[in-house]
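Dumping the structure here so I can ask a few things about it.
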Amino acid sequence: MSMTEREWQEEQQRVDQVVQEIDQQMESLEQQVGEVRADIVDIRKNFWDDVKLNFSDAGEMYETYRSMKQQADVLSEHERNHRLAQTQLKKLQRLRRSPYFGRIDFAEESESSAEQIYLGIGTVLDEEQENFLVYDWRAPVSSLYYDYGPGPAEYETPGGTVAGRIDLKRQYVIRDAEIVSLFDTGVTIGDELLQEVLGKHGDAQMKSIVATIQREQNQIIRDERSKMLVVQGAAGSGKTSAALQRVAYLLYRYRETLSAQQIVLFSPNPMFNSYVSTVLPELGEENMQQTTFQEYLERRLGKMFQVEDPFEQMEYTLTAMNELGYEARVEGIKYKASTRLLTAMEEYLDRLAQGGLIFRAIKFRGEVLIPRERIKELFYGIDDISVFPHRMRALADLLLEELNVKAEEMRNEPWVEEEAELMDKEQYQRAHNRLRKEKRYSENSFDDFARELDVLGEMVVQKYFKPLRRGINQLRFLNLPAVYRQFFLQQKKAGETAHWEEMCAQTVERLEHGKLAYEDATPFLYLKERIEGFQTNTQVRHVFVDEAQDYTEFQFAFLRRLFPHAKMTVLGDLNQSIFAHAQGGDRFAALSELFEEGETKRIVLRRSYRSTREIIEFASGLIEGGDEIEPFNRHGSKPTLTQAADEQDLAAKVAARIRDLQEAGHQTVAVICKTAEESRAAYERLKGAVDVRLIGMETGGFEAGVIVIPSYLAKGMEFDAVLLYNTSQERYGRESERKLFYTACTRAMHELHLFTVGTVSEFLAGVESGSYERLT
C-alpha cells in the first residue's frame, strides 16, 4: 500500500470516528428534544392548574400575577431550550454528511509538535466536551487556513497574537461521510477544490463558500475595525458570498451582544432576497433583515405619493430617448443623485428657518378652523430657530391648545345638540356616570338634564375632533410637497444644469399629479426628516449594501443618518454602474467622507470565479480597464455570436439553443433582453417553442429553469448559461449602455451565447475576434 493510500485510509478512519461522535450527540439531542417537547405539551396543558387565581384584593392580585408570570417564564425557558436543541440538531445533521473541509497542522512558537486542526461549518467536541474534533470555520485559529500556507503564520485572538508555523495544509471533499478527494495545498485554497465547486451547475439559491474562501475574501469576512468597509470587486469575484459569510462571522464573533435582527441587508431586488435566503440557515444562523431601498421608500412615502421604482426609471432611460424632455429628465436624475443637491437643500432649510415654510389650514366640516397664516405666525413666533423638529413639536402643542378653545366654542352649536340627542342609551349612561363621579348633580333635575346635555355635547365634539388632533400630532398641517416644489421654483437657472428650468417644471408637474420620481424620493424624504425629525434606527449595528454602485451619493448620506450607530459594508463593481446617475468616475471615493478619517477601508477583488476563462476574456474586452480582471483558470467553450435574419429567425435560433443547453444538463438558463418591453416580446415569441418563465419587477422568487429577464434585473444573479437576445447596434448603440452590456455577459457561469439581428453592437469592436465564435 502506498503512502498516499495509507494516508487516505487513516483520514477516512478519522472521518468515521467523528461521524460516530456526531451520531452519539445526535441521539442524545433527539432524546433531549423529545423530553423538552413533552414538558412543553404538559406545561401548556396544565398551565392554569398550576396558577393560583385570586383577585379579592391588591395583595392577592399581585400573587396571582407573580404565579402566572412564573409559569409563563418556565414555559418560555423550555421553548427556548427546544429551539436551541433543534438548531444544534440540524447543524449536526449537516456536519454528519460533511464533518469538515480543511485541516492545518499548526505548532505554536513554544511547542515542538504541531496540533492537527480540522475546520467545518460548526464545532464538534469529543464525548468529554474538552477536545475539539472540528473547529468552527469562524474560530480565531481557523483564519490560519485561509490566510497562510505551510511556513510561519500567526492569528489574532481576544488575548493577543499567537505566532507559530504551519506544517501541513490539507483540503477535503467529503460527501455523505465518505472522502471523495483530498489534497495538500499552499496559501490559496487549491484550484482542485475550486474547480470541483465552480464546475457545478447553478442552483436557485446561492450556496455557502466557507470551504473555498480566498485570502482576500477572508479579510472582508473578519474585518472588525472598519466603520465603512468598501468592497469593490469584479463581476463574479465573490463579493456577495463573502458579505454573507461576514454576517455569519459577526453573529459568531459577537454572539453574546449581536443578533440577526440588528443586521440589515439592502439588496437590489426582491428576487435577489430569495436567491441568498438559504446561505445563513445553511451555516446554522438566522437570516438578517433583508429589504430593498425601494421597499423602504414605499413604506415611508407610499401613502403620500405614487413612488416610481428604480427599474421604472431605468426602463425610461433605456427606451424614451426620443421623447420630449428626455435630456432634462436625465440631467435631473444626475443632479438629484449628488451631494450638490444636499448642500443646496441645507441652504434652503436655513432660509426656511427664517421664513417661507408652507402650511395647510386646519379645516372642519368644510370650514377653516385655524388658517394657514395663523399656523405660520405661530411657527415663526417660536423662539428656538435652530432645530426644526423641536419647533414643529412646539407648534403642534400650540395648535392643540387652539383646537381645545375651538372645541369649547363649538359645544353649543345646533349640529352638536342634534348629534347629542341622537346618542344611544349607553352614551347617555356614560355622561350620567361622569357627572356622578365629578359630583356635579344638583337638587334641580332640570339643571341636571342641562349638565348631561353639556357633557354629551363635549363628547360629540371630542369624537369629531379626534381625527383633527391625530392629524396635528402627525404634522399634517405642514405642506411638504409644496415646500419641496418651492425649493425647485426658487433655484436660479445658472446654478445647475443646461435644462434646469425644464427639469424644475417636470418635478413640479409630477408633484401636482401625486407622483414622485425615483430620483426625487430620497431628497424629498430627507427634507421631510430634517423638518419633522429623523426616524433613526439606533438598534441596527451593521448595514450591508449590495450593488452599491447603483446607489447615489445622496442615498448613502441618508443611510448614514438613518443608522447612526451602524457600521457599513458596501459591495459593488464600478464596471456594472448601469443607472443614469452612475456614469463615470470613482463613485466609491466619496464614501470615506461619511466617517472619520481612518475609519474607512477599501478592498479590491480582481479575480473572477463565476465564469470560465473564455467568458471573462471575452467580457473584459468590452470595458476600459478590463485587462485588470483576473480570470480563474477554469476552461469552457468560447462565447458565440449568432446572426439571425429577422425577429422570427432570432426566436427560432434562441429556442434551438435553449433546447441544446437543457440536453447538456444546464439547470439555470437566462435569456437576457435589454428592457422589460423587449423581454415581453421575446417571451411571447419563445413560449410556444420552449418552456420559459418571464421575470418582471414584481417577481419575488428565483427558481431553476429557463427565464426571460431584463438586463438590469439580472444584476447580482448568475446562471449556468446566458443568451443575450439581441445584441445589435440598434439595441446597444449608446456608450452609456456599454456597462449594461458587460453586466449581462458576466451573468454566465459556463456558457455565453449572443444573438443579433442586423449589425452587431460596436461594443464588440474592442473584443479580440478569436475570443468568440461566429455562427449563422
Side-chain angles (χ1 to χ4, degrees), residues 199-204 610-612 614-619 622 635-696 699 702-711 713-714 717-732 740-761 763-764 767 769-776:
K200 291 182 176 180
H201 292 297
D203 204 343
R610 174 189 297 139
S611 309
T612 61
E614 287 75 11
I615 292 173
I616 292 300
E617 289 177 345
F618 169 83
L622 297 169
H635 287 282
S637 57
K638 288 183 179 180
T640 67
L641 172 63
T642 300
Q643 185 75 45
D646 52 32
E647 291 290 338
Q648 186 173 350
D649 185 40
L650 172 64
K653 287 180 174 176
V654 169
R657 177 64 70 176
I658 290 172
R659 287 190 287 268
D660 291 343
L661 292 168
Q662 289 177 317
E663 287 178 10
H666 293 303
Q667 297 173 13
T668 57
V669 178
V671 179
I672 300 182
C673 301
K674 179 182 173 183
T675 65
E677 182 181 333
E678 185 185 29
S679 295
R680 286 189 292 269
Y683 171 75
E684 291 299 325
R685 288 183 177 275
L686 291 171
K687 68 179 183 180
V690 288
D691 184 16
V692 294
R693 178 175 174 232
L694 179 64
I695 300 296
T699 305
F702 180 65
E703 300 173 2
V706 182
I707 63 171
V708 181
I709 186 170
S711 53
L713 286 184
M717 312 292 288
E718 59 184 30
F719 309 93
D720 286 337
V722 165
L723 293 76
L724 263 63
Y725 191 72
N726 187 354
T727 60
S728 66
Q729 177 66 15
E730 182 183 357
R731 281 283 191 273
Y732 295 94
L740 185 70
F741 192 92
Y742 165 80
T743 300
C745 290
T746 55
R747 301 306 94 200
M749 295 169 61
H750 308 301
E751 295 194 39
L752 173 64
H753 303 283
L754 284 64
F755 298 80
T756 185
V757 177
T759 306
V760 71
S761 170
F763 298 155
L764 268 68
V767 178
S769 58
S771 67
Y772 64 99
E773 184 181 356
R774 285 182 175 268
L775 305 174
T776 56

Considering residues at least two apart in sequence or located in another chain, which fulfil the side-chain hydrogen bond (donor to acceptor under 3.5 Å, both in side chains) criterion with Q643? none
Audit row: L723, L661, side-chain contact (heavy atoms from CB on, under 4.5 Å) steps and yes/no: CA-CA 10 Å; L723 293 76; L661 292 168; 3.5 Å; yes
Would you compute the distance between atom OG of S771 and atom NZ of K638 and round it to the nearest 0.5 angstrom? 7.5 Å
Residue from V692, L686, T642 passing side chain to side chain contact (heavy atoms under 4.5 Å, CB included) with V654: L686
side-chain hydrogen bond (donor to acceptor under 3.5 Å, both in side chains) filter on T675, not counting sequence neighbours, yields none
For A682, the side-chain contact (heavy atoms from CB on, under 4.5 Å) test, sequence neighbours excluded, returns C673, V708, Y725
Between L764 and L754, does a side-chain contact (heavy atoms from CB on, under 4.5 Å) hold up when you go through it step by step? CA-CA 11 Å; L764 268 68; L754 284 64; 4.3 Å; yes
Spell out, as yes or no, whether a donor-acceptor pair under 3.5 Å connects the side chain of T727 to the backbone of F755. yes
What is the minimum heavy-atom distance between I709 and S679, and which atoms define it? C-OG, 3.5 Å
Could you walk me through whether K674 and L740 pass the side-chain contact (heavy atoms from CB on, under 4.5 Å) test, one step at a time? CA-CA 8 Å; K674 179 182 173 183; L740 185 70; 4.2 Å; yes
For F763, what residues pass the ring pair (Phe, Tyr, Trp, His ring centres under 6.0 Å) criterion, not counting sequence neighbours? F741
Between T743 and R747 the two heavy atoms that sit nearest each other are O-NE, 2.9 Å
Rounding to 0.5 Å, atoms CD1 (I695) and CG (L713) come to a distance of 8.5 Å
With sequence neighbours excluded, what pairs up with A681 under the side-chain contact (heavy atoms from CB on, under 4.5 Å) test? none
Which residues pass the side-chain contact (heavy atoms from CB on, under 4.5 Å) test with A689, not counting sequence neighbours? A655, R659
Just to verify, what does K653 make a side-chain hydrogen bond (donor to acceptor under 3.5 Å, both in side chains) with, not counting sequence neighbours? D649
Drop me the distance from L694's CG to I707's CD1, to the nearest 0.5 angstrom. 9.5 Å
Check against side-chain contact (heavy atoms from CB on, under 4.5 Å), M749 and S611: CA-CA 4 Å; M749 295 169 61; S611 309; 5.8 Å; no
Nearest heavy-atom neighbours spanning I615 and C745: CG2-O, 4.1 Å
Residues two or more places apart in sequence or in another chain: which of them pass side-chain contact (heavy atoms from CB on, under 4.5 Å) with S637? E751
Who passes salt bridge (Lys or Arg N to Asp or Glu O under 4.0 Å) against E678, sequence neighbours left out? R731
Of all the heavy-atom pairs spanning A714 and I672, show the shortest one and how long it is. CB-CD1, 4.0 Å
Test ring pair (Phe, Tyr, Trp, His ring centres under 6.0 Å) applied to F618 - qualifying residues, sequence neighbours left out: Y772
Results of side-chain hydrogen bond (donor to acceptor under 3.5 Å, both in side chains) for R685 - residues two or more places apart only: none
Excluding sequence neighbours, so at least two apart, what forms ring pair (Phe, Tyr, Trp, His ring centres under 6.0 Å) with Y683? none
Atom CG of D691 with >12 non-hydrogen neighbours under 6.0 angstrom: no
More than 12 heavy atoms of other residues, nucleotides or ligands under 6.0 Å from CD of Q648: yes or no? no
Does this structure show an ion pair linking R680 with E677, if we count only N-O contacts that are shorter than 4.0 Å? no
If you count every heavy atom of other residues, nucleotides or ligands that lies below 6.0 Å from E647 atom CD, does the total exceed 12? yes
Could you grab the distance from atom OG1 of T668 to atom CG of D720, nearest 0.5 Å is fine? 3.5 Å
So NE2 of H750 and CD of E718: to nearest 0.5 Å the spacing works out to 8.5 Å
Kindly compute the distance separating NE2 (H753) from CG (L724), expressed to the nearest 0.5 Å. 11.0 Å
